[in-house]
J.: 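Below is one structure. I have some questions about it.
Just so it is clear: chains get the letters A, B, ... in the order the sequence lines come, proteins before strands, and each one is counted from 1. Computed from a predicted model, the values in this text were never measured in an experiment.
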Amino acid sequence: MSVAAERIERLHELARAAATEGDQERARYYVRLARRVAERNRLGLPRTFRRFTCDACDAYLRPGRNARVRLQDGHVVITCDCGEQARYPYDD
Amino acid sequence: MALTPETLPRHELNGLPVRVVESDDESRVGLEGRVVIETTNTLSIEVCVPPEAERWNGGVAADRDDGESRVVMVPKSGSTFEFAITDDAADLEKGSGTASKLADTQPAETERSDTADRADGDAASCRGDGSTNRRRAAGEDVAYVTVDGSRLLSRPARRTETNGDSPWQ
């Protein structure tokens, strides 16, 4: 695994830790930095990272705290506190 | 490419336990904590207030949530940082307070020096100035990496890239 991929993973953990401690702004900083590292190094972001961050405001999403998770017919809808909605399919 | 002394200047610094060993401003020398925010020219270090409290606790916790911490911004240029890296660098449980106790015990320095010399060559070649020396504390999985702050002068997201020595694109 390259240095950049490891950086993204570390930043993911840091963002989660910061969000758990209630420091949303710092979590945002880590999320943005991870996105930037991925962009500069032409890497994709891990699936867990994509599903737990908001595309619009870069918040680290904690279901029940700053995100609502609803199951619809065949897909999940995650609503961030900023109003952004993300959808992804699920198989039952 | 794990986080090793060789890759540290290109790796993620946020979250690493760090100590300021040298600085143009004497009041910053000895600052100890975790890197929380990195910018092009500065590192923001989260230290406990008072800094001595962490050493008295013997490196136990003293983390952010106790409300006794503050964030100090240290310029990279003109400072020398000592990062403590573990085998699992993302291991956030390792208290940074152990650094001060183990920093002076360095019996394993000689066996490490040959790899340091070799690594110094390729590490220094990627960015001209700045010196890196490494020590490994015996018995612990903690390695202390001393990095001149001028080697870290780069945008946080761009440090990882390897595009040669030239400052020109």
J.: Assigning hydrophobic clusters by single linkage (Ile, Leu, Val, Met, Phe, Trp, Tyr; side-chain heavy-atom cutoff under 4.5 Å), is Phe52(A) placed with Leu71(A)?
T.: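 Different clusters.
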J.: As an exercise, state the distance from CD of Glu38(B) to OH of Tyr29(A), rounded to the nearest 0.5 Å.
T.: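 The distance works out to 6.0 Å.
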J.: Starting from the C-alpha separation in whole Å, work towards a yes-or-no answer on side-chain contact (heavy atoms from CB on, under 4.5 Å) for Arg10(A) and Leu3(B).
T.: CA-CA 11 Å; Arg10(A) 288 264 315 278; Leu3(B) 176 57; 3.8 Å; yes
J.: Specify the closest pair of heavy atoms between Arg10(B) and Arg7(A), including all atoms of both residues, with the distance to one decimal.
T.: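 Closest approach of Arg10(B) to Arg7(A), heavy atoms only: O-CD, 4.0 Å.
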J.: Is Ile78(A) reachable from Phe49(A) through a run of hydrophobic residues whose side-chain heavy atoms are each under 4.5 Å from the next?
T.: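 Different clusters: Phe49(A) never reaches Ile78(A) through Ile, Leu, Val, Met, Phe, Trp or Tyr contacts under 4.5 Å.
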J.: In Å and rounded to the nearest 0.5 Å, what is the CG to CZ distance from Asn14(B) to Arg26(A)?
T.: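 Answer rounded to 0.5 Å: 9.0 Å.
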J.: For Arg68(A), give me all partners under side-chain hydrogen bond (donor to acceptor under 3.5 Å, both in side chains), at least two apart in sequence or on another chain.
T.: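 Testing Arg68(A) for side-chain hydrogen bond (donor to acceptor under 3.5 Å, both in side chains), a comparison that skips the adjacent residues, returns none.
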J.: Could you give all pairs that pass the side-chain hydrogen bond (donor to acceptor under 3.5 Å, both in side chains) test and reach residues 53-66 of chain A, with sequence neighbours left out?
T.: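 Residue pairs with at least one partner in residues 53-66 of chain A: His12(A)-Tyr60(A), Arg32(A)-Asp58(A), Arg35(A)-Thr53(A), Arg35(A)-Asp58(A).
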J.: Using 0.5 Å steps for rounding, measure from the CD atom of Glu12(B) to the CD atom of Glu9(A).
T.: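 Separation between the atoms: 12.0 Å.
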J.: When clusters are formed by joining ILVMFWY residues with side-chain heavy atoms under 4.5 Å apart, either directly or through shared neighbours, do Met73(B) and Ile45(B) land in the same one?
T.: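 Different clusters.
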J.: Measuring heavy-atom distances to chain B, does Leu11(A) have an atom under 4.5 Å in its side chain, in its backbone, in both, or in neither?
T.: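 For Leu11(A), the contact with chain B is made by the side chain alone.
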J.: Shortest non-hydrogen contact from Ala157(B) to Arg36(A)?
T.: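 For Ala157(B) and Arg36(A), the tightest heavy-atom pair comes out as CB-CG, 3.2 Å.
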J.: In sequence, state the C-alpha distance, the side-chain angles, and the governing distance for Arg40(A) and Thr160(B), and then conclude on side chain to side chain donor-acceptor pair (under 3.5 Å).
T.: CA-CA 9 Å; Arg40(A) 290 293 313 174; Thr160(B) 304; over 6 Å; no
J.: With side chains defined as the heavy atoms from C-beta onward, is the minimum distance between Thr7(B) and Glu6(A) less than 4.5 Å?
T.: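 Thr7(B) does not reach Glu6(A) side chain to side chain.
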J.: Are Leu43(B) and Ile85(B) connected into the same hydrophobic cluster when the rule is that any two of I, L, V, M, F, W, Y join if their side-chain heavy atoms are below 4.5 Å apart?
T.: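 Hydrophobic grouping puts Ile85(B) with Leu43(B).
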J.: Please say yes or no: joined through hydrophobic side-chain contacts below 4.5 Å, possibly via intermediate residues, are Leu14(A) and Val71(B) part of one cluster?
T.: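 Yes; Val71(B) is reachable from Leu14(A) via cluster members.
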J.: Rounded to the nearest 0.5 Å, how far apart are CG of Leu33(A) and CZ of Arg155(B)?
T.: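 Nearest 0.5 Å value for the CG-CZ distance: 12.5 Å.
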